[in-house]
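Let me begin by presenting the structure, written as structure tokens, before commenting on it.
Counting convention: from 1, in listed order, for ligands and their atoms alike.
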Amino acid sequence: MNDTFLKACRGEKTDYTPVWLMRQAGRYMKEYQEVRSKVDFLTLCKTPELAAKVTLQPIDILGVDAAILFSDILIAVEAMGMPLEFHDKKGPILGDPVRTKAGVDRLIIPDTEDSMPFVLDTIRILRRELKVPLIGFSGAPWTLATYIIEGGSSKNFLHTKKMMYQNPGLFEGLLEKITATVIEYLSAQIKAGAQAVQLFDSWAGILAPYDYEHIIFPHVRTAIKALKKFDVPVIYFVNDCAGLLKIVKKCGADVVGVDWRVDMAKAAKKLGKRVAIQGNLDPCVLFAPKEHIEERVQDILNKAESAKGHIFNLGHGILPETPVENAIAMVEAVHRLSRA
Ligand code: CP3
């Protein structure tokens with residue numbers, strides 16, 4: 001078992017810098033497309049044998065140091081009671097967006113074993129097959145709230161922010177319900193065998209720091225604190241994090257994941273010595289010539305040296321158009337250059 005990733009999460013010394021890629025299983029890989037051509041996305045997520053198969057694809061092809069469960073952050077939202085559909089061009093659509101007290105009351109805090117057994121079965125299959133650690137995941141409370149209130153992706157998140165400002169009690173009640181769901185869902189993933197968990201806060205960066213700190217962050221801390229009773233690293237990925245790092249620093253996670261819009265040296269300095277750092281290559285750098293990819297890998301490795309620990313990753317998910325050979329070259333460069 002290659003435990004380099006887990007060691008780096010805990011801030012222990014490693015022989016080289018471990019690396020994995022957010023969204024490493026996906027459309028940029030022909031092996032994924034082949035599986036996906038036969039089933040729709042939700043069926044893929046809900047069929048343990050297939051979900052396990054696509055989780056495993058990037059491990060050997062890319063040579064990464066960790067696997068991430070193949071699923072989606074909206075699977076848990078569907079289990080809370082919202083009808084979910086994925087359309088190839090439009091992305092996710094959640095029916096009956098929640099904007100009233102009756103809507104919030106209708107949502108349930110699902111029992112994972114009852115309503116998402118396929119997630120736990122996928123984890124159990126993977127633990128038998130994998131030679132690298134398995135990361136479980138969930139959306140963070142705020143990011144899930146935006147999908148629940150908007151009913152899908154959004155441009156300015158007006159419905160969500162309107163509820164936050166016009167009906168703070170209702171919004172708080174919704175966040176509490178989501179946070180309880182996140183804790184139950186990730187606890188179940190850990191009990192089934194997940195060896196680390198990541199919270200995706202993909203939309204944190206659209207908040208004013210004031211609102212993030214006072215309204216959202218307490219729920220992040222509650223979730224992380226509850227998960228810390230298990231002996232597995234917790235990673236908190238904050239997209240567009242630059243203006244929030246002083247607050248994020250106090251989240252209690254083992255690792256903070258940062259996007260690419262912040263300089264790695266500044267992010268490491270702001271986060272301090274209590275937390276390891278994950279990131280932060282711009283996913284678009286994978287479209288550059290290999291020599292330039294290598295230059296940028298070296299730059300990030302240098303800048304992360306002062307951190308408690310470093311897990312190399314992209315600053316957000318890999319794009320579907322990415323040439324696979326460039327992703328392979330990036331992983332190889334991280335391993336080679338960090339050993340030197
Ligand atoms: O990282 C991995 O390899 C694990 C799989 C994973 C997926 N989604 C698979 C997926 C993970 C960790 C996610 C998380 C997720 N899902 C997030 C947070 C991370 C982020 O990117 O910010 C969010 C916001 C979602 C919601 C979501 N899922 C959207 C908005 C979309 C449509 C946009 C798109 O990329 O198509 C998805 C679909 C989705 N999730 C796909 C995959 C592989 C594409 C589905 C397909 O095969 O057609």
Side-chain angles (χ1 to χ4, degrees), residues 19-47 50-59 61-62 64 66-78 82 84-94 119 122-123 126 130 132 134-148 150-155 157 160 182 185-186 189 194 196-206 235-241 257-261 278-279 283 311 313-322 324 327:
V19 51
W20 67 280
L21 279 65
M22 287 189 277
R23 297 273 189 111
Q24 64 191 13
R27 288 161 295 186
Y28 72 107
M29 237 175 226
K30 65 175 188 311
E31 292 81 358
Y32 173 86
Q33 279 174 6
E34 208 176 296
V35 176
R36 182 64 174 76
S37 68
K38 298 188 191 98
V39 289
D40 62 68
F41 176 62
L42 278 176
T43 304
L44 178 50
C45 291
K46 294 177 184 180
T47 311
L50 293 180
K53 183 175 175 174
V54 297
T55 303
L56 293 168
Q57 286 171 346
I59 311 308
I61 296 171
L62 302 181
V64 285
I68 182 158
L69 165 73
F70 189 83
S71 185
D72 195 88
I73 60 166
L74 300 178
I75 291 284
V77 174
E78 183 182 46
M82 294 186 76
L84 171 65
E85 286 172 36
F86 275 92
H87 296 278
D88 280 346
K89 291 280 173 302
K90 282 189 283 184
I93 296 178
L94 290 155
V119 169
T122 305
I123 292 173
L126 284 167
L130 279 166
V132 295
L134 176 64
I135 306 167
F137 72 89
S138 165
W142 159 254
T143 289
L144 293 179
T146 66
Y147 285 100
I148 288 170
E150 302 294 333
S153 303
S154 172
K155 221 169 169 174
F157 300 87
T160 311
V182 168
Y185 185 44
L186 288 179
Q189 291 185 31
V197 289
Q198 174 156 319
L199 279 170
F200 282 92
D201 222 344
S202 306
W203 299 118
I206 62 139
I235 309 170
Y236 178 40
F237 167 67
V238 190
N239 192 25
D240 229 330
C241 66
V258 299
D259 62 286
W260 71 90
R261 302 164 192 87
Q278 176 173 282
I311 298 104
N313 205 316
L314 301 176
H316 203 172
I318 191 167
L319 296 167
E321 300 83 1
T322 307
V324 177

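If you number the atoms of ligand 1 from 1 as listed, the ones under 4.0 Å from a heavy atom of A25 come out as 3 (O), 43 (C). Close approach of ligand 1 to F200 (heavy-atom distance below 4.0 Å) involves ligand atoms 12 (C), 18 (C), 19 (C). For ligand 1, the atoms lying closer than 4.0 Å to a non-hydrogen atom of R36 are 46 (C), 47 (O), 48 (O). For ligand 1, the atoms lying closer than 4.0 Å to a non-hydrogen atom of I68 are 1 (O), 2 (C), 3 (O), 4 (C).
Within a 6.0 Å sphere centred on CH2 of W203, heavy atoms belonging to other residues, nucleotides or ligands number 12 at most.
In this structure, L69 has a heavy atom closer than 4.0 Å to ligand 1. Under the 4.0 angstrom criterion for non-hydrogen atoms, W203 is not in contact with ligand 1.
Regarding atom 13 (C) of ligand 1, its nearest protein heavy-atom neighbour is R23 NE, 3.5 Å. The protein heavy atom nearest to atom 37 (C) of ligand 1 is F86 CE2, 3.4 Å. Nearest non-hydrogen protein atom to atom 5 (C) of ligand 1 is S71 O, 3.5 Å. Scanning the protein for heavy atoms near atom 11 (C) of ligand 1, the closest one is F137 CZ, 3.7 Å. Shortest contact from atom 42 (C) of ligand 1 to any protein heavy atom: F41 CE1, 3.5 Å. Protein heavy atom in closest approach to atom 47 (O) of ligand 1: Y32 OH, 2.4 Å. Nearest non-hydrogen protein atom to atom 20 (C) of ligand 1 is H316 NE2, 3.1 Å. Of the protein's heavy atoms, R27 NH2, 3.1 Å lies nearest to atom 34 (C) of ligand 1.
Any N or O atom pair closer than 3.5 Å counts here, and S153 shares no such pair with ligand 1.
Between H316 and F237, the ring planes lie tilted relative to each other; the angle falls in the 30° to 60° range. Ring planes of F41 and F86: perpendicular class, angle over 60° (limits at 30 and 60°).
Not one N or O on the side chain of T143 forms a donor-acceptor pair closer than 3.5 Å with the backbone of G139. Between the side chain of Q24 and the backbone N or O of L21 there is at least one donor-acceptor pair closer than 3.5 Å. Although no hydrogens or angles enter the test, the distance criterion places no donor-acceptor pair under 3.5 Å between the side chain of W142 and the main chain of D201.
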Practice item. With side-chain contact (heavy atoms from CB on, under 4.5 Å) as the test, would you mind laying out the steps for K46 and E78 before giving the verdict? Key: CA-CA 12 Å; K46 294 177 184 180; E78 183 182 46; 2.7 Å; yes

Check your understanding: Stepwise, does the side-chain contact (heavy atoms from CB on, under 4.5 Å) test hold for I235 with V197?
Key -> CA-CA 6 Å; I235 309 170; V197 289; over 6 Å; no

Review point. Should L144 and V182 be marked as a side-chain contact (heavy atoms from CB on, under 4.5 Å) after you check the CA-CA gap, both sets of side-chain angles, and the distance that decides it?
Key: CA-CA 9 Å; L144 293 179; V182 168; 3.9 Å; yes

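Atom-to-atom distance recorded for R23:CZ and N313:CG is 12.5 Å, nearest 0.5 angstrom.
Here atom 40 (N) of ligand 1 lies nearest to D72 when heavy atoms of I75, D72, I73 are compared. Evaluated by nearest non-hydrogen atom to atom 30 (C) of ligand 1, the leading choice among P92, G91, S202 is P92.
Checked against a 6.0 Å centroid threshold, the rings of Y185 and F137 do not count as neighbours.
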